[in-house]
Asks: 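Pasting a structure below so you can have a look.
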Amino acid sequence: MAEPQASKDFIREIIDADLASNKYQGRVHTRFPPEPNGYLHIGHAKSICLNFGIAEQYNGKCNLRFDDTNPAKEEEEYVQSIITDVKWLGFDWQDRLFYASDYFDQMYTYAEDLVKKGKAYVDDLTADQIAELRGTLTNPGTKSPYRDRSIDENLSLFRRMKAGEFPDGSKVLRAKIDMNHPNLNMRDPVMYRILRATHHNTGDKWCIYPMYDWAHGLEDSIEHITHSICTLEFENHRPLYDWFLDALGVYHPQQIEFARLNLTFTVMSKRLLLQLVNDGLVKGWDDPRLPTISGMRRRGYSPSGIRTFAKRIGVAKVNSIVDFEFLEYCIREDLNKTAPRYMGVLRPLKVTIENYPETKEEVDAVNNPEDPGMGSRRIPFSKTLYIEQDDFMEQPPPKFYRLALGREVRLRYAYFITCRDVVKRDGKVVELRCTYDPATKGGYAPDGRKVKSTIHWVSASDAVDAEVRLYNKLFTVRDPLDQKGADYKTLLNPQSLEILQQCKVEPAVKTCKPLDRFQFERLGYFCVDTDTTPGHLVLNRTTELRDTWGKIQSAAGPKP
RNA sequence: AGCCCCGUGGUGUAGUGGCAACAUUUUGGCCUUUGGAGCCAACGUCGGCGGUUCAAAUCCGCCCGGGGCUGCCA
């Protein structure tokens with residue numbers, strides 16, 4: 001079942017220490033707080049597994065909370081997709097589904113408290129002016145001329161902001177902290193902006209919306225979160241997180257930052273993913289080439305495989321980039337144990353078995369050699385079959401063990417066959433004439449003779465046609481964002497999607513439902529795509545099997 | 001340039017004063033009715049310098065390198 005926790009990451013060490021010192025009366029309460037402005041990706045999966053995983057491990061709780069403080073970018077569609085994805089990954093927030101927008105009234109009251117304490121003020125400066133006066137990395141900022149308004153004036157102005165008396169962008173509420181602070185985030189950060197936009201949750205009730213720094217700590221505080229885990233880019237915001245909570249004198253969770261996940265050959269930012277979707281460079285958020293949860297689901301990745309991956313990559317504070325191959329390894333490992341096996345031929349080559357009768361028979365096939373409990377099935381066998389074009393070569397090189405003229409191989413679960421003749425049309429091999437040995441039924445030779453290889457096949461008259469979509473890396477380079485000057489869009493892999501028609505698969509595949517995962521023996525893991533209709537089967541290749549022959553070939557030289 | 005964070009095999013992560021470890025990758029081999037899976041083996045690492053100590057990846061100092069921060073985004 002669950003892997004033993006090999007070692008403790010720095011976050012769990014902090015939690016252990018807090019438990020030991022009774023800092024939160026033994027409670028552990030985390031949260032996963034996505035902004036509903038895009039679909040979740042594998043990087044979010046890391047965070048989800050971390051937060052929900054910690055809650056499970058410590059007998060605590062983890063909330064799902066939508067950090068919906070910017071109606072300009074957020075949509076209900078994203079809310080629904082996030083709910084679907086977190087559930088699919090296998091996590092349960094029970095009755096704790098929250099929205100930051102549910103706290104807007106409370107946040108507003110807190111803001112008035114801060115104004116009354118003289119710790120916040122209404123500023124009439126424009127956005128440009130505020131930026132100007134903020135100073136730079138090396139130069140201190142300058143106080144706004146509106147910084148020293150009286151508490152009464154600030155309170156009145158802030159109330160009028162809320163009441164909608166001022167146009168968008170004309171005023172903001174700012175915390176009064178320190179314009180000389182070396183941390184730019186502390187130079188009187190904006191708490192509220194005036195923004196007339198319809199919110200997916202609160203509609204048109206508000207025309208002022210809280211900023212992240214002001215809102216997030218309050219959300220955590222209101223929910224009595226103990227450990228507020230976020231990514232590294234918020235490290236410089238922690239002093240502000242702490243300042244707001246201290247200024248208010250309210251319950252104070254602890255913010256802890258960890259490094260976000262990066263994967264090779266892809267991009268992991270909602271902004272960039274949105275662009276790929278909007279520019280039609282991929283076919284939507286659930287395009288199987290994308291590192292989105294929905295894309296991976298559609299591609300055939302399993303939740304448990306993703307969870308194992310998240311566990312194995314660990315949690316730390318170093319910026320890093322994980323090999324895409326490692327994700328694939330975790331997925332394969334899981335699918336190897338769980339996916340039923342079928343036979344399917346992607347690029348069919350007709351085989352006629354000359355000495356086989358016109359009648360048909362069935363052979364027994366094991367559904368999963370890794371799991372006898374998955375049973376077996378019967379597969380139709382007949383005189384005319386399809387095998388993979390790659391499994392035959394006219395001029396076989398030294399390490400090629402498969403079919404060639406005069407050579408004998410095993411058809412998996414069926415018979416030994418020997419290639420007797422090659423039929424060509426326009427110089428292209430279009431059919432193999434073979435004979436079979438009736439004594440080798442099931443694939444064993446009674447005389448004990450061996451064959452060098454076993455290949456897969458499909459009975460021609462029983463085969464089901466399928467469209468198969470093969471996926472390759474989305475980008476041609478390991479780190480698309482680290483190519484100086486190059487627009488990442490020019491680095492897209494033109495071969496990231498290859499579509500094959502009239503592939504031949506064994507009839508049992510027809511019983512599969514959309515998103516069902518299985519292995520085509522010797523080829524890889526596949527799943528049924530949601531584009532499938534009753535008359536048109538569409539399959540996605542999740543990932544290939546490890547390909548030793550392919551490795552030998554590419555070592556010998558580039559493919560023809 | 002100011003502030004903050006981080007440097008352990010190709011990649012990711014352990015090790016926090018006592019023999020540098022695990023996974024993956026790569027390369028060999030074994031096994032095999034999937035050239036799959038599995039098994040065995042090999043390659044390969046503490047950013048640098050100095051200090052403390054019987055002993056340093058670990059503690060201290062300096063340096064070097066990488067990342068983040070100047071939205072009314074999160």
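Numbers restart at 1 for each chain; the letters A, B, ... are given by sequence-line order, proteins then strands.
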Asks: Under the rule for ring pair (Phe, Tyr, Trp, His ring centres under 6.0 Å), what residues qualify as partners of A:Phe158, not counting sequence neighbours?
Replies: A:Tyr108, A:Tyr192

Asks: Scan nucleotides 37-41 of chain B against the protein and return all N/O pairs shorter than 3.5 Å with their distances rounded to 0.1 Å.
Replies:
{"residue": "B:A37", "atom": "OP2", "partner": "A:Arg546", "partner atom": "NE", "Å": "3.3"}
{"residue": "B:A37", "atom": "OP2", "partner": "A:Arg546", "partner atom": "NH2", "Å": "3.0"}
{"residue": "B:A37", "atom": "O2'", "partner": "A:Asn336", "partner atom": "ND2", "Å": "2.8"}
{"residue": "B:A37", "atom": "O2'", "partner": "A:Glu370", "partner atom": "OE1", "Å": "3.4"}
{"residue": "B:A37", "atom": "O2'", "partner": "A:Glu370", "partner atom": "OE2", "Å": "3.2"}

Asks: Using side chain to side chain donor-acceptor pair (under 3.5 Å) as the criterion, point out the one residue from A:Glu506, A:Glu521, A:Arg522, A:Arg341 that pairs with A:His456.
Replies: A:Arg522

Asks: Rounded to the nearest Å, what distance is computed from the CZ atom of residue A:Phe10 to the P atom of nucleotide B:U13?
Replies: 11 Å

Asks: Does any nucleotide pair with B:U52 by Watson-Crick or G-U wobble geometry, both distances under 3.5 Å, and what is it?
Replies: none

Asks: If you measure from the Lys or Arg side-chain nitrogens to the Asp or Glu carboxylate oxygens, is any gap between A:Asp188 and A:Arg147 under 4.0 Å?
Replies: yes

Asks: Could you tell me the Watson-Crick or G-U partner of B:C64, where both distances fall under 3.5 Å? Say none if there is no partner.
Replies: B:G7

Asks: Let me have a per-nucleotide readout for nucleotides 42-48 of chain B, 5' to 3', with B, S or -, counting only protein heavy atoms under 4.0 Å.
Replies: -------

Asks: Stacking here means centres under 5.5 Å and planes under 30°; does A:Phe326 stack on B:G12?
Replies: no

Asks: Sorted by first residue and then second, give each salt bridge (Lys or Arg N to Asp or Glu O under 4.0 Å) pair with at least one member in residues 31-41 of chain A; sequence neighbours left out.
Replies: A:Arg31-A:Asp220

Asks: Does any donor-acceptor pair link the side chain of A:Arg522 with the base of B:G35 at a separation under 3.5 Å?
Replies: no

Asks: For A:Lys337 and B:G36, what is the distance between atoms NZ and C1' respectively, to the nearest whole Å?
Replies: 15 Å

Asks: Using whole Å, report how far CG of A:Asn262 lies from P of B:G66.
Replies: 17 Å

Asks: In whole Å, what is the span from the CG atom of A:Leu327 to the C1' atom of B:U11?
Replies: 13 Å

Asks: Nearest-Å distance, CZ (A:Phe258) to C1' (B:G12)?
Replies: 15 Å

Asks: Could you tell me how far B:G65 sits from B:U8 if I compare only their C1' atoms? Round to whole Å.
Replies: 15 Å

Asks: Does any N or O donor sit under 3.5 Å from an N or O acceptor when you compare the side chain of A:Glu325 with the base of B:U11?
Replies: no

Asks: I'd like the C1' distance from B:G15 over to B:C22, given in whole Å.
Replies: 11 Å

Asks: Is any side-chain N or O of A:Lys551 closer than 4.0 Å to OP1 or OP2 of B:U26?
Replies: yes

Asks: Tell me: CG of A:Leu232 to P of B:C6, nearest whole Å?
Replies: 8 Å

Asks: On RNA chain B, does the nearest nucleotide to A:Arg341 precede the nearest nucleotide to A:Gly314 from the 5' side, or the other way round? Give the residue.
Replies: A:Gly314

Asks: Does the structure show a Watson-Crick or G-U wobble partner for B:G36, both distances under 3.5 Å? Name it, or say none.
Replies: none

Asks: Does A:Asp323 make a side-chain donor-acceptor contact with the base of B:G10, cut-off 3.5 Å?
Replies: yes

Asks: Would A:Tyr212 and A:Phe234 count as a ring pair (Phe, Tyr, Trp, His ring centres under 6.0 Å) here? Give the steps.
Replies: CA-CA 11 Å; A:Tyr212 170 87; A:Phe234 294 104; 4.9 Å; yes

Asks: Between A:Ile313 and A:Ser453, which is nearer to the 5' end of RNA chain B once each is assigned its nearest nucleotide?
Replies: A:Ile313

Asks: Could you check which nucleotide pairs with B:C22 in any of the strands shown, counting Watson-Crick or G-U wobble with both distances under 3.5 Å?
Replies: B:G12

Asks: With rounding to the closest Å, how many angstrom separate the C1' atoms on B:U25 and B:C6?
Replies: 24 Å

Asks: For B:G71, does the glycosidic angle fall within 90° of 0 (syn) or outside that (anti)?
Replies: syn

Asks: Say whether A:Gln255 and A:Tyr241, considering side chains only, have a donor N or O and an acceptor N or O under 3.5 Å apart.
Replies: no

Asks: Between B:C5 atom P and A:Ile256 atom CD1, what is the distance in whole Å?
Replies: 15 Å

Asks: Using a 4.0 Å heavy-atom cut-off, does A:Val366 contact any base of the nucleic acid, only the sugar-phosphate backbone, or nothing at all?
Replies: nothing

Asks: Does A:Ser320 have a side-chain nitrogen or oxygen under 4.0 Å from the phosphate oxygens OP1 or OP2 of B:U13?
Replies: yes

Asks: Can you tell me how far P in B:U53 sits from the matching atom in B:A14, rounded to whole Å?
Replies: 32 Å

Asks: Given that both distances must come in under 3.5 Å, which nucleotide forms a Watson-Crick or G-U wobble pair with B:A57?
Replies: none

Asks: State plainly whether the residues A:Arg149 and A:Asp124 are in salt-bridge range, i.e. N to O under 4.0 Å.
Replies: yes

Asks: Could you tell me the separation between the NZ atom of A:Lys317 and the C1' atom of B:C5, rounded to a whole number of Å?
Replies: 6 Å

Asks: With sequence neighbours left out, what residues match A:Phe520 under ring pair (Phe, Tyr, Trp, His ring centres under 6.0 Å)?
Replies: A:Phe518, A:Phe526

Asks: Can you give me the N/O atom pairs linking the protein to nucleotides 71-74 of chain B at distances under 3.5 Å, or say none if there are none?
Replies:
{"residue": "B:G71", "atom": "OP2", "partner": "A:Arg134", "partner atom": "NH2", "Å": "3.4"}
{"residue": "B:C72", "atom": "OP1", "partner": "A:Arg134", "partner atom": "NH2", "Å": "3.3"}
{"residue": "B:C72", "atom": "OP2", "partner": "A:Arg134", "partner atom": "NH1", "Å": "3.3"}
{"residue": "B:C72", "atom": "N3", "partner": "A:Gly169", "partner atom": "O", "Å": "3.3"}
{"residue": "B:C72", "atom": "N4", "partner": "A:Leu125", "partner atom": "O", "Å": "2.9"}
{"residue": "B:C72", "atom": "N4", "partner": "A:Ala127", "partner atom": "N", "Å": "3.2"}
{"residue": "B:C72", "atom": "N4", "partner": "A:Gly169", "partner atom": "O", "Å": "3.1"}
{"residue": "B:C73", "atom": "OP2", "partner": "A:Arg193", "partner atom": "NE", "Å": "3.1"}
{"residue": "B:C73", "atom": "OP2", "partner": "A:Arg193", "partner atom": "NH2", "Å": "2.9"}
{"residue": "B:C73", "atom": "O3'", "partner": "A:Arg193", "partner atom": "NH2", "Å": "3.3"}
{"residue": "B:C73", "atom": "O2'", "partner": "A:Asn70", "partner atom": "ND2", "Å": "3.0"}
{"residue": "B:A74", "atom": "OP1", "partner": "A:Thr69", "partner atom": "OG1", "Å": "2.8"}
{"residue": "B:A74", "atom": "OP1", "partner": "A:Arg193", "partner atom": "NH1", "Å": "3.2"}
{"residue": "B:A74", "atom": "OP1", "partner": "A:Arg193", "partner atom": "NH2", "Å": "3.1"}
{"residue": "B:A74", "atom": "OP2", "partner": "A:Tyr212", "partner atom": "N", "Å": "2.9"}
{"residue": "B:A74", "atom": "O3'", "partner": "A:Asp67", "partner atom": "OD2", "Å": "2.9"}
{"residue": "B:A74", "atom": "N6", "partner": "A:His237", "partner atom": "NE2", "Å": "3.3"}

